[in-house]
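Along the sequence shown, residues are numbered consecutively beginning with 1. In this text, all values refer to a predicted model and were calculated from it rather than measured experimentally.
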Amino acid sequence: MSAQPVEVLTFGETMLSLRLEGPLTVGSPVHPTVAGAESNVAVGLTRLGHRVRWAGRVGADEPGRMVLRTLRGEGVDVAHATTDHDAPTGAMLRERRVADLNRVHYWRAGSAASRLRPEHVKPALDAGARVLHLTGITCALGTGPLATVRAAAEHAAEHGWIVTLDVNHRTRLWSPERATAALRPLLPWVDVVIASDDELPLVAGEDDTDEAERAARLLRAGVREVVVKRGAQGADLHLPGRRPLRVPAHPVPVTDTVGAGDAFSAGYLSALLDGLAPEERLPRATRTAAFAVATAGDWEGLPHRDELPFLDSAPGAALR
């Protein structure tokens with residue numbers, strides 16, 4: 001196995017994804033692919049020129065092989081991914097119901113990723129990285145995955161890595177109360193919190209205070225950056241001792257909103273790795289998110305670095 005350090009290490013559940021253009025009940029055509037929050041970010045970062053390792057766990061089955069082949073084909077290092085011979089790769093089905101409204105069904109209980117343990121990611125942690133990217137989704141998969149996230153966050157913080165946490169709350173996986181109880185204890189190890197405006201209370205407190213005060217509370221607790229995704233309204237960045245920065249969303253026709261948050265995280269982490277100033281990080285994040293919402297799929301439309309200027313072209317332009 002490769003032991004070369006990478007810029008970013010991440011892990012979590014990547015599933016077989018069956019994408020339908022209409023309802024399953026009428027036999028809509030199915031497009032098989034793979035999807036998972038952390039691997040979406042990994043693909044986004046790799047396309048932007050960064051070295052990324054994904055150390056998730058899959059089953060010894062065809063979907064698991066598809067996951068590894070797809071990520072490997074995108075340039076993501078999967079040398080430390082592990083295989084469970086007694087549990088299947090998880091699956092999801094996504095139906096397009098109305099315009100850009102999608103309905104998602106999961107088959108994740110008892111999956112290989114739900115059996116993730118700290119010892120499974122230890123070799124990847126020992127190999128080194130600059131950034132550890134975590135999401136609340138992995139924490140929701142069970143006690144083993146949550147323990148793995150905690151062990152990884154502690155290891156990364158002790159070794160001077162940047163630890164990022166995307167709250168990424170999934171109501172079908174767990175309640176807000178359970179999410180809060182699991183995620184808040186991670187904060188002493190976290191440098192960057194990424195959350196949508198409605199997810200921020202899960203880690204900052206459910207009370208009558210506004211976004212600025214919630215972000216300030218996290219900063220006082222030791223978090224270095226609080227990034228708030230606001231969808232079509234853009235995004236905010238809160239830093240200690242500074243006024244919040246806000247940028248608008250990049251205007252594009254909306255095709256598919258699934259995966260936009262992961263694309264945003266990839267863009268923000270890319271800017272962080274490139275050493276861009278705070279004022280320059282959010283524009284890259286909203287730009288990568290725009291690519292995601294303007295194209296179909298969780299990760300398929302994510303931009304390569306040389307494609308980032310494409311959105312500056314006039315509507316309907318042909319690049320010849």
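The side chain to side chain donor-acceptor pair (under 3.5 Å) check on Ser175 picks up Glu177, with sequence neighbours excluded. Remark: Glu280 pairs with no residue by the side chain to side chain donor-acceptor pair (under 3.5 Å) rule, at least two apart or across chains. Scored by the side chain to side chain donor-acceptor pair (under 3.5 Å) test, Arg184 finds no partners at all (sequence neighbours excluded).
No donor-acceptor pair under 3.5 Å is formed between the side chain of Arg287 and the backbone N or O of His250. In this structure, Ser114 contributes its side chain and Ala109 its backbone to no donor-acceptor pair below 3.5 Å. Of the possible donor and acceptor atoms, none in the side chain of Trp189 sits under 3.5 Å from a partner among the backbone N and O of Ala157. Of the possible donor and acceptor atoms, none in the side chain of Arg53 sits under 3.5 Å from a partner among the backbone N and O of Ala79.
Partner of Thr82 under the side chain to side chain donor-acceptor pair (under 3.5 Å) criterion, chosen from Glu119, Arg115, Arg117, Arg57: Arg57.
Classification of the His105-Trp107 ring pair by plane angle, with boundaries at 30° and 60°, yields tilted. The aromatic rings of Phe291 and Phe310 sit tilted relative to each other, their planes meeting at an angle between 30° and 60°.
The pair Arg242-Glu225 fails the salt-bridge criterion, with no side-chain N (NZ, NE, NH1 or NH2) lying under 4.0 Å from an Asp/Glu carboxylate O. Here Asp274 pairs with Arg305 in a salt bridge; the nearest charged N to carboxylate O distance falls below 4.0 Å. Here Arg65 pairs with Glu62 in a salt bridge; the nearest charged N to carboxylate O distance falls below 4.0 Å.
No hydrogens or angles considered: a donor-acceptor pair under 3.5 Å links the side chains of Glu38 and Thr135.
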